[in-house]
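Take this structure, written in structure tokens, and hold onto it; I'll ask about it next.
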Amino acid sequence: MANIQLSVNPSAKAAIFEALQAGVSENTALIKEAEIYLKTVESTPVFHLTLIEIITNTSIDVKVRWLASVYFKNGIDRYWRKNTSNSIPEGEKAILRQKLISHINEPVLQVATQLAIIISKIARYDYPKEWPELLPSLLHLVRTEDDLVQQRALLYLHHVTKSLASKRLAGDRRAFQDLSSEMYSYVYALYSHINQTLLQQMETSNADIVGATMEKALLCLRVMRKLTVHGFKTPHQTNTVMEFVQASYERIKNLLQYRQVILSNDSLLALCEKYLVVHCKVLRDLLDFHPFSFVPFIRMTVEFVLHYLFKPENQVLLFDSFVVQSLNLVKGIVLCAEYRPAKVIEDTKEPATLEAYRIKSEVLTPDSLSLMCRQLIENYLLLSQEDLHLWETNPEEFAAEEGGEAWKYSLRPCTGCLFLSLFHEYQSILSPVLISMLNESMGLIPPNDMSRIIKKDALYNAIGLAAFELFDEVDFDRWFSQVLLQELRVKESNYRILRRRVVWLLGRWIGVKLSVDLRPLIYETVLGLMEPGEDLVIRLSSAVTLRSALDDFEFNAEQFLPYLERSFSLLFTLLKETEECETKMNVLNVMSLLIELLGNQMKPFLGTLLQLLPALWDASDEHNLLRCAIISTLVHVVKGVGSNTEDLLHCLLPVVAYSTDSEQPAHVYLLDDALALWQAMIESLSQANPQVLQLLNNMPQLLELGSENLIICCDILKAYIYLCPDEFLAMYGSRIVNVLMEQIVDMRPEGEMRVMSVIESMLVNRPETAASIVSPILPFVVSSLLDGSSTALIITSFFSAISRVVLASKDIFFQVIAEVARREKQTPEFVLDKFMTLWIDKMSSVFALEKKKLLAIALASLLTCQSDIILDKVCGIFMRICETINDILPPTDSGEEIDRLVYAPGHVQADEGEEEVDNEHLKRYISTRRSVDPVFTLPLPTYFRNQIAQLEAQVGSARFQDMTQTVDNETLEMMRNFLSHQPRNNQL
């Protein structure tokens, strides 16, 4: 240890200390320089030793010590593992561990918390092998009489157990279970002692003393939580665990009573509430991770919640986060899969499941369920004063939909989830209760009766949440026409609460039970509530309901047309007037859906939207999610205008260029939507200008990113090839092929297929030029075919590309064979012989008729290349070509020779299986195939006859007769039939 300390350069230590001082200054230039310097020295020896000396020196400024602890913490992840580069030496680690555990009396909580995290990170790597004394030391220190040392030891113990409990490998979990069984009783005894002391102090001592003890009790409880939940396979088989859990209910009761005493002490109140919430989390974790161990506590939990949450006299004791935890606990019991018996209860094999089901049936009686249903609506679904204040001060934030995991921490979403869970499980019991409440509330409420308005809002909320379950109970058409419409017509200020809830209710029911004949009235009503004179929250809720109406299965575009112009105008106004990113996204999503559904009908209104979107794009440079929504809207706009996209390029090109530039940090958020826009744009253009071509500068980097976006990138490349083949091949062909050649080596079959479709598109459009450009990738194709590991689809794709190269340039084909031979240290003749044998053999596994014909044409073309190796295989070549001719010549009554794949004049057809994309792209695709693709322009029987005639002229009649002697009789008979047939004009 002394040697290591002596090796520390004092000047280096001073430089690190100065850099840390600069790092906490208010000078941004100094902070930047300090960060750069500390980054350069963090991997050097004794850097962390220097940091620990600074951290443990309490005479140094606390900000500097805290920053040093942060750098130390970050260094654990980078340099503590043994197999990392520049890892901390073992001798230095031993010193660091000793210094960390000895500095237990850190006076500053923020620094102590960082030290606790550091120790927990090291423990994750080193305990128990390299640091066996860690937990014994902490368990000894938590028993000390020194309050500060005990609190810090508990803090360290909490973070260490949390870290060890999070390890998920089977061996690590067994090790933590062994550890828990050893220390559980010890920690529980300590916790019981601290908690007993706390109970006494709560009756007699001042707030400071109670706060210090409660802080220790909270830390100890957090340790107990991890040990209880993650330290036992079956906690209910350990008496100490069950004793600890059962005692939690009495502790919660005492703490709720004590909370009423300290309402004026904010800091102690916050600590007490945190302590109560952790108690609830212990119960919830036990239910989630060990549902069968929780069975003995089902009755106690439900009765406890019923007593405190659903009896008005006890609700004064409650606070929101405790209510949320309690309601989620009940929801967990209701929905727990392990508590559900088989449909035939006698078939249930697990006794604990039957016991849980029995207890649930006894405590969740019709009376208790009815009570819970009414109380949830009348007490917990209510808009609070905070909600109403938010409505007034920030309507856009209030109108934002609470989704995701809001039920875990927010009262109204949590209440809604429990209500819906109960209603789904006990529909037959709760439906009459809800209908009764609805009947009781019928009629208009006086506008000045705010209390009843808020309660009715909660009731309507419940009816909206349970819409599917109430399908047979509520005649929504009648209710809307006779009641809800009347409430919407009341314009007083307080009634905005109900008007907003009614329009939300329409959105919930429109896809459940609403007659088609009533939809025009719904559209009229919703659009009326979106007028600029309305409250903004109501307008935003109406926009959401309009989206639900548009997205409904029974939506009828013709029925909506009279409202199209007005709806788009109102949405456009709303988009301009709102300010929040999320709000604009929601409005844009509605507009995108409108454009998607009504397509060409939207063209007259898109100009105004396109005037706004560029400015909105420029203003949202820090809001990538909003920019995603803008791009998504532009995709729908492009698809909506069809082939008139040239007029939109001024708006589209900057967006695509920026969003697909991998040098821009925002591309990670925007890329998926931007590629969709790029594809839609390029497929709808009738010609390409230089700016459109320049976008391809971004493509190589995108292809290098990997396979995630390979499919759409290849589709974009193919669209360019069909749009402007000459410019594409001249400017970007070689560069794109080189990138694809690098990537294809590590691709899966799906990726190889996509790459080969790009290569083949080049060869279809400009065969001679493309054959030279794609030649670098062809040795890989040939080698992959020869090694025999490719799937049937890949083999077909590879042979298709090779066939097109053969038809374009036989010289390039033979050069590729020679290159493969050089790489594999074989003769070209050997490789060619092996390749042709494989070609003939694998043609039988090619099922797509057009691919089979392509391969047959290429084989026929090779007959006249004057290669003895190929001529030696005429038997197989003739057989495969004849088989293909048989497949493409359907029988006809007239005996005419008709190649079914050749297009006749005036016939337009896309390939079977080809996806019909935009019209402009489809026109180019069909036109190219009809005009230049030999598969669809060249009758194979005629070509085969010509090649046979040319072959006989090349080799002479005698040798030709000798060659045909090797052909089997069946193939020879088919050949004679084809050769004797007089060719006619190909017809379909």
Side-chain angles (χ1 to χ4, degrees), residues 320-321 324 328 380-420 454 457-458 460-462 464-465 467 496-511 526-527 529-532 534-551 567 570-594 612 616-617 619-633 669 673:
D320 281 0
S321 54
V324 168
N328 283 332
Y380 298 114
L381 270 182
L382 302 179
L383 291 174
S384 65
Q385 289 300 317
E386 290 78 9
D387 293 326
L388 296 177
H389 178 71
L390 184 62
W391 186 327
E392 289 286 350
T393 57
N394 194 339
E396 292 185 45
E397 183 179 343
F398 176 86
E401 296 180 4
E402 291 182 314
E405 296 189 339
W407 59 270
K408 288 185 176 181
Y409 53 82
S410 185
L411 181 56
R412 275 194 297 120
C414 163
T415 304
C417 281
L418 175 58
F419 171 80
L420 199 53
I454 289 178
D457 170 83
Y460 283 5
N461 189 356
L465 292 173
R496 61 183 176 161
I497 296 172
L498 277 183
R499 295 169 74 234
R500 172 252 182 183
R501 181 59 68 189
V502 168
V503 78
W504 172 88
L505 195 61
L506 291 177
R508 296 289 300 188
W509 276 86
I510 202 164
V526 171
L527 294 177
L529 293 169
M530 289 175 62
E531 292 290 346
E534 283 287 353
D535 181 275
L536 182 57
V537 172
I538 296 177
R539 294 169 67 194
L540 293 172
S541 297
S542 301
V544 174
T545 295
L546 178 60
R547 181 181 63 192
S548 300
L550 295 172
D551 206 23
S567 62
L570 291 170
L571 287 168
F572 183 75
T573 303
L574 198 54
L575 182 64
K576 288 193 298 182
E577 292 181 4
T578 52
E579 298 177 357
E580 297 291 333
C581 169
E582 185 176 353
T583 310
K584 289 182 179 292
M585 283 172 51
N586 291 335
V587 177
L588 274 174
N589 287 335
V590 184
M591 300 178 83
S592 296
L593 184 58
L594 202 57
L612 176 64
L616 185 59
W617 173 269
S620 60
D621 57 340
E622 296 181 358
H623 302 286
N624 290 315
L625 290 178
L626 176 55
R627 285 194 160 185
C628 286
I630 294 171
I631 297 173
S632 179
T633 303
Y669 305 101
D673 293 306

For this session: Not counting sequence neighbours, which residues clear side-chain hydrogen bond (donor to acceptor under 3.5 Å, both in side chains) with S384? List them please.
Result: E386, D387
Exercise. Taking atom OH of Y409 and atom CG of D320, what is their separation to the nearest 0.5 Å?
Worked result: 14.0 Å
Exercise. side-chain contact (heavy atoms from CB on, under 4.5 Å) with A462: which residues, sequence neighbours excluded?
Worked result: I377, L381, F419, L434
Problem set entry | Results of side-chain contact (heavy atoms from CB on, under 4.5 Å) for S541 - residues two or more places apart only | R500, V503, V537
For this session: Could I get the full list of ring-ring contact (aromatic ring centres under 6.0 Å, His included) partners for W391, not counting sequence neighbours?
Result: F398
Exercise. With sequence neighbours left out, what residues match D457 under side-chain hydrogen bond (donor to acceptor under 3.5 Å, both in side chains)?
Worked result: R501
Exercise. Does S567 have any side-chain contact (heavy atoms from CB on, under 4.5 Å) partners at least two apart in sequence or in another chain, and if so, which?
Worked result: L527, L546, F560, L564, L594
Problem set entry | Residues forming a side-chain hydrogen bond (donor to acceptor under 3.5 Å, both in side chains) with R499, sequence neighbours excluded | E534
Problem set entry | T545 side chain near L529 side chain, heavy-atom distance below 4.5 Å | no
Problem set entry | Interatomic spacing from CD1 in I510 to CZ in R547 - rounded to 0.5 Å | 12.5 Å
For this session: Indicate yes or no: at least one non-hydrogen side-chain atom of L625 is less than 4.5 angstrom from one of Y669.
Result: no
Seminar exercise, completed: Separation between CG (L505) and CG (L498), nearest 0.5 Å, reads 10.5 Å
Exercise. Under the side-chain contact (heavy atoms from CB on, under 4.5 Å) test, which residues partner N394, sequence neighbours left out?
Worked result: L390, E396, E397, E580
Problem set entry | For D673, salt bridge (charged side-chain N to carboxylate O under 4.0 Å, His left out) partners two or more places apart | none
Problem set entry | With sequence neighbours excluded, residues passing salt bridge (charged side-chain N to carboxylate O under 4.0 Å, His left out) with R496 | E392, D535
Exercise. In chain order, what residues pass the salt bridge (charged side-chain N to carboxylate O under 4.0 Å, His left out) check against R539, with sequence neighbours excluded?
Worked result: E577
Exercise. Given the rule in the side-chain contact (heavy atoms from CB on, under 4.5 Å) test, do L588 and S632 qualify, once you have shown the distances and angles that lead to the verdict?
Worked result: CA-CA 9 Å; L588 274 174; S632 179; over 6 Å; no
Problem set entry | Rounded distance (nearest 0.5 Å) linking atom CD1 of I497 with atom CG of L383 | 6.0 Å
For this session: Using salt bridge (charged side-chain N to carboxylate O under 4.0 Å, His left out) as the criterion, list what pairs up with R627, not counting sequence neighbours.
Result: none
Seminar exercise, completed: In this structure, CG of L616 is separated from NE2 of H623 (nearest 0.5 Å) by 10.0 Å
Problem set entry | CD on E531 to OG on S542, rounded to 0.5 Å | 10.5 Å
Exercise. Do P532 and L570 come close enough that some side-chain heavy atom pair is under 4.5 Å?
Worked result: yes
